[in-house]
Amino acid sequence: MTVPTRPPRVAVFSLGGTIASTNSPGSSGAGVAPRLGAAELVTAVPQLQAAAQVETVAFRQCPSGDLTLPDLAALAEEITARFADGVSGVVVTQGTDTIEETSFALDLLVDSSRPVVVTGAMRNPTLAGADGPANLLAAVQVAASPRAEGLGTLVVLNDEIHAARFVRKTHTSSPSTFRSVTVGPLGWLVEGRPRIALRPAVLPRITPPANGFPAVALLKTWLGDDGRFLDSVESLGFAGLVVEALGGGHVSAQMATSLEGLARRLPVVLASRTGGGEVLRETYGFRGSERDLLAHGLIPAGFLDGPKARILLSLQLAHKADITAVRAAFEEINR
Ligand code: ASP
């Protein structure tokens, strides 16, 4: 006689966002806001019972733009504690606006090969075709799967499985908003089965910082930018800067002078505003080109886009890394 095996334990942490957003009772004209916790989200999807033994934690309840790096450091500690307690996988539900940043922070902060899967919804529970229940079910199916081990933190929506380090929100309202422009998704789900087509390299881990996070700015440059914002970076108290430059990593000649001055005093990371590929290192030779900026101390973000580079820089500075150590951290992730 075969003894039926119990499905794996999966912990679901809720943080708010559209997936948890409803009208307040009696005021349907005021717009939806995060009101549902993990237990209510899970109860609404009975199919979860076949996929996993689900346990719930209502961790935060906010629009995702209100989440902070201290929240994510605390979440990483709680996830690690659950893994130590025997949980096989973790799902985080939250607002989609910042999933590209939060998932990458968790990727760096959670020291485990077990799956951490972040999900959300584009259509809130009051709308026809709400995608939250399907996304939650898919996320739990991935988190419960041994195939998802060792992939780093994943983002699962619309039956696609993305690596946190590559994924971006690319559309304001489409359920297929999440894209990994440079590599495509790692895999997908079919009939509830996760299929992994690509396995990314293992990322270096960063211990969750115990103390405060220094402020790090993210600036996107534009046609004819004279760089006047740069004059305020230090006086506003920023300890580091990520600049989303044009194309392969270019700024105007005028801006180059200010950027290079800044890079002598604090870490300045060069990313691209294109949202795909990686910054160049050795092609263009004009004033403000990637060669010029890198020769004057800017640190290449590699394949990390601006928001993800800002997460890595923030975590480095929270550990009091100097410019040399920050450079080494970006090199290591791009090895
Ligand atoms: N504003 C919401 C949030 O990020 C959007 C969403 O969840 O899709 O919290």
Side-chain angles (χ1 to χ4, degrees), residues 12-24 27-45 56-76 78-79 90-107 116-140 142-143 153-181 185 218 220 275 305-308 310-311 314:
V12 176
F13 289 78
S14 62
L15 277 62
T18 293
I19 192 169
S21 290
T22 56
N23 296 303
S24 85
S27 67
S28 60
V32 298
R35 290 195 172 86
L36 306 175
E40 291 152 299
L41 297 181
V42 165
T43 303
V45 189
T56 58
V57 185
F59 185 76
R60 295 285 185 274
Q61 187 66 289
C62 61
S64 69
D66 288 348
L67 294 170
T68 63
L69 278 170
D71 288 329
L72 294 164
L75 178 59
E78 291 231 12
I79 291 172
V90 161
V91 169
V92 176
T93 66
Q94 65 154 91
T96 60
D97 290 349
T98 62
I99 281 182
E100 58 201 278
E101 291 160 90
T102 58
S103 62
F104 184 54
L106 293 175
D107 208 1
V116 176
V117 182
V118 187
T119 193
M122 294 302 290
R123 297 188 185 134
N124 70 67
T126 71
L127 298 175
D131 52 338
N135 288 340
L136 178 57
L137 179 59
V140 169
V142 172
T153 298
L154 301 169
V155 173
V156 170
L157 281 95
N158 205 33
D159 281 342
E160 289 186 342
I161 303 167
H162 293 266
R165 72 196 76 171
F166 296 121
V167 75
R168 300 178 60 230
K169 187 174 185 181
T170 64
H171 193 285
T172 55
S173 57
S174 168
S176 63
T177 179
F178 283 93
R179 306 257 170 200
S180 298
V181 175
L218 170 61
K220 182 185 288 208
D305 65 15
K308 292 184 202 292
R310 203 196 72 86
I311 295 290
S314 301

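Residues: numbered from 1 along the sequence shown. In listed order, ligands and their atoms are each counted from 1.
Judged purely by atom type and a 3.5 angstrom limit, Thr119 has no side-chain atom pairing as donor or acceptor with the backbone of Leu136. Side chain of Gln94 to backbone of Gly17: no donor-acceptor contact under 3.5 angstrom is found. Of the possible polar contacts, one joining the Gln61 side chain to the Leu36 backbone as a donor-acceptor pair under 3.5 Å is found. Between the Asn158 side chain and the Glu160 main chain, no donor and acceptor come within less than 3.5 Å of each other. A distance-only check finds a donor-acceptor pair linking the side chain of Asp71 to the backbone of Thr68 [under 3.5 Å].
Each of Leu75, Thr93, Val118 was evaluated against Leu15; a single residue qualifies, Leu75, per the side chain to side chain contact (heavy atoms under 4.5 Å, CB included) test.
For ligand 1, none of its N or O atoms has an N or O atom of Gln94 under 3.5 Å away. At under 3.5 Å, not a single nitrogen or oxygen of Gly65, backbone or side chain, sits near a nitrogen or oxygen of ligand 1. Checking only distances, Thr98 never comes within under 3.5 Å of ligand 1, N or O to N or O.
When Ile99, Thr18, Thr93 are checked for heavy-atom proximity to atom 6 (C) of ligand 1, Thr18 turns out nearest. The closest non-hydrogen atom to atom 3 (C) of ligand 1, taken over Gly95, Ala20, Pro34, Ser21, comes from Gly95.
Ligand 1 places these atoms under 4.0 Å from at least one heavy atom of Gly17: 7 (O), 9 (O). With ligand atoms numbered from 1 in the order given, ligand 1 contributes 1 (N), 2 (C), 3 (C), 4 (O), 5 (C) to contacts under 4.0 Å with heavy atoms of Asp97.
The protein heavy atom nearest to atom 4 (O) of ligand 1 is Ser64 OG, 2.6 Å. Given atom 8 (O) of ligand 1, the protein heavy atom at minimum distance is Thr96 OG1, 2.4 Å.
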With side chain to side chain contact (heavy atoms under 4.5 Å, CB included) as the test, would you mind laying out the steps for Thr96 and Phe178 before giving the verdict?
CA-CA 9 Å; Thr96 60; Phe178 283 93; 3.8 Å; yes
